[in-house]
Amino acid sequence: MANTQGTSPDDMSTSVLERQRALARVPIPNAQAPSIWTRISNWVYINIQRPWIIFTNPFYTTLYGPRPFSVAFMLLWPFPWKYPLPPPLSVQELLNDPDLILRRRQNELNYVALRQIQRFCLRDTPLRSLYRLYESVVTANEDELMQESQYWFHRQSQWLLVDIPDPQDPDPIRYAILASLVEALVHSFNQKIRIGLRRGITNKKPLLIVEFRNEPDPPFENCPSWCKQVGPLSHQLDLDPRYNTTIPPDIKLLPAEALDDDIRPFAKRNITANFVQLYNI
C-alpha cells in the first residue's frame, strides 16, 4: 500500500492533474464511417418506416383499445367532418356514477389515446372538449381534468377561449358549470402565459419560456361574452360524489348581477368544485 502520510493536499491535486493530462494524451481511435447497410437502414426508417408509422398511428392506437373497429370507423368515416356533440348527462347522473369516465375509457372510448391522434384533433370541437371537462369536474376525476386542459392549451392552440360558442344548455346547473369552467380556463391560461408559456409553442421549445416571459404584450386569453350572462344558482351545489349530493328539484339560475369575480368562477355561482388541475398545464 502506498504511503500517503506526509503528502500535502497540493501534492495530491498535482498528481491527479498529471493523471488527467496523461489520459488526455491517449489517442482516440478514429470513428469508423457507417456501413452501407447502416446508411440504407437509416434511409428506409426516415423515408418509409417513420411516415408509415405516423400514417397508421390511428390503427395502432385503436387496435389495443376498447372497441377497435368502431373507433377506427369513427376516425376514418369523414361525414360529418366535425364530430357532433353527444347527448350530455345531467349532474345528478354523473354524481350517481362517479366511475363513468374510467369505465368509458376501458369499455368505449379512450380519450387519452384519441387526443394523441392528429385526425381526431382535427375533427374535435371546443364544445365537445368543454363538455368532457364538465364530466370530469362533476365526477371529481382530477387526472382527466388535467389531461383535457393540457390538450386544450398545447394541442388545440387555435381554439381561442373567447371564440367558444354559447352552448345554450337548457339545464341551468350544467349551464352554470360550463360558464364557470370557461372562466377558470381563462384564468389558468393567463397565469401560465404571464410566466412565459405559450400555447402550442413552449411544450416543444421550452427554452423560449425565458424569452416570452419578458414579452411586452403577452397574448392573454379573454372570456366569451355569454359567460357574463350566466348567473348564480338559487341553491348551493357541492360537486363531490363522496357526499351523495341530491340536486334540489326547484334549483334555477338567478339573474347575472355583479358577477365580476374571475378568480372564483365556481364560488360566485354558488358551486363548490375541485378544479385545481386546470392549472396543472
Side-chain angles (χ1 to χ4, degrees), residues 82 84-92 94-95 124-142 144-194 197 199-200 218-240 247 251-281:
K82 291 295 184 180
L85 182 68
L89 298 174
S90 68
V91 174
Q92 191 65 68
L94 292 171
L95 290 175
D124 200 13
T125 65
L127 278 184
R128 282 174 55 92
S129 181
L130 182 61
Y131 272 88
R132 292 197 295 268
L133 286 172
Y134 152 75
E135 293 179 346
S136 301
V137 76
V138 174
T139 57
N141 191 315
E142 295 186 76
E144 193 69 22
L145 196 67
M146 174 192 67
Q147 294 191 54
E148 192 71 41
S149 60
Q150 291 176 350
Y151 164 74
W152 197 308
F153 188 89
H154 294 295
R155 297 215 57 171
Q156 297 289 7
S157 56
Q158 75 279 4
W159 289 356
L160 299 181
L161 298 181
V162 71
D163 295 332
I164 297 176
D166 187 351
Q168 298 180 350
D169 198 302
D171 188 323
I173 309 176
R174 246 188 346 242
Y175 201 23
I177 295 174
L178 293 172
S180 301
L181 274 169
V182 173
E183 292 179 351
L185 283 174
V186 171
H187 187 262
S188 66
F189 283 16
N190 286 341
Q191 187 182 70
K192 299 301 181 182
I193 292 172
R194 190 173 291 107
L197 272 72
R199 299 186 60 184
F220 289 125
E221 296 279 350
N222 295 302
C223 199
S225 58
W226 61 266
C227 291
K228 302 296 182 183
Q229 310 302 321
V230 183
L233 296 175
S234 57
H235 296 74
Q236 182 68 31
L237 178 64
D238 191 353
L239 296 180
D240 194 331
I247 308 298
I251 195 169
K252 60 182 180 179
L253 281 176
L254 299 177
E257 298 177 357
L259 291 181
D260 295 330
D261 188 357
D262 294 331
I263 300 178
R264 301 184 304 165
F266 285 89
K268 71 180 183 182
R269 292 188 174 90
N270 295 328
I271 302 173
T272 302
N274 179 10
F275 59 99
V276 67
Q277 289 299 333
L278 290 180
Y279 294 82
N280 192 4
I281 298 173

So do the side chains of [X] and [Y] get within less than 4.5 Å of each other, counting heavy atoms only?
| X | Y | answer |
| --- | --- | --- |
| L94 | L239 | no |
| I281 | H154 | yes |
| P126 | D163 | no |
| V276 | E142 | yes |
| V182 | C223 | yes |
| V137 | N274 | no |
| L237 | N270 | no |
| L130 | W152 | yes |

If only atom types and distance count, is the side chain of [X] paired as donor or acceptor with the main-chain N or O of [Y] below 3.5 Å?
| X | Y | value |
| --- | --- | --- |
| R199 | W159 | yes |
| S188 | L185 | yes |
| Y134 | V91 | yes |
| S180 | P265 | yes |
| K268 | P232 | no |
| E221 | L161 | yes |
| W226 | I164 | yes |

Test log, rule side chain to side chain contact (heavy atoms under 4.5 Å, CB included), inputs R132 and R128 = CA-CA 6 Å; R132 292 197 295 268; R128 282 174 55 92; 3.9 Å; yes
[atom1]/[X] to [atom2]/[Y] distance, rounded to the nearest 0.5 angstrom?
| X | Y | atom1 | atom2 | answer |
| --- | --- | --- | --- | --- |
| C227 | L181 | SG | CG | 9.5 Å |
| H235 | L254 | NE2 | CG | 9.5 Å |
| I247 | Q92 | CD1 | CD | 5.0 Å |

What residues, two or more places apart in sequence or in another chain, satisfy side-chain hydrogen bond (donor to acceptor under 3.5 Å, both in side chains) together with Q156?
->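 Q156 satisfies side-chain hydrogen bond (donor to acceptor under 3.5 Å, both in side chains) with Y151, Q158 only.
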Test ring pair (Phe, Tyr, Trp, His ring centres under 6.0 Å) applied to F266 - qualifying residues, sequence neighbours left out =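 Only F275 meet the ring pair (Phe, Tyr, Trp, His ring centres under 6.0 Å) criterion with F266.
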Please walk me through it: do V138 and L95 pass side chain to side chain contact (heavy atoms under 4.5 Å, CB included)?
-> CA-CA 7 Å; V138 174; L95 290 175; 3.9 Å; yes
Start with the C-alpha distance between L145 and L133, add both sets of side-chain angles, then the distance that settles side chain to side chain contact (heavy atoms under 4.5 Å, CB included), and finish with yes or no.
-> CA-CA 6 Å; L145 196 67; L133 286 172; 3.7 Å; yes
Only counting residues at least two apart or in another chain, list the ones meeting salt bridge (Lys or Arg N to Asp or Glu O under 4.0 Å) with [X].
| X | result |
| --- | --- |
| R194 | none |
| E135 | R104 |
| D169 | R174 |
| D240 | R242 |

Neighbour count above 12 (heavy atom, 6.0 Å) for K82 NZ =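 Check passes, neighbour count above 12.
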Y279 and A184: which non-hydrogen atoms are nearest, and at how many Å?
-> OH-O, 4.2 Å
Let me see the working for L85 and T125 under side chain to side chain contact (heavy atoms under 4.5 Å, CB included), right down to the final yes or no.
-> CA-CA 8 Å; L85 182 68; T125 65; 5.8 Å; no
Which word best sums up how the rings of F153 and F189 line up, parallel for under 30°, tilted for 30 to 60°, or perpendicular for over 60°?
->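 The rings of F153 and F189 stand perpendicular, inter-plane angle above 60°.
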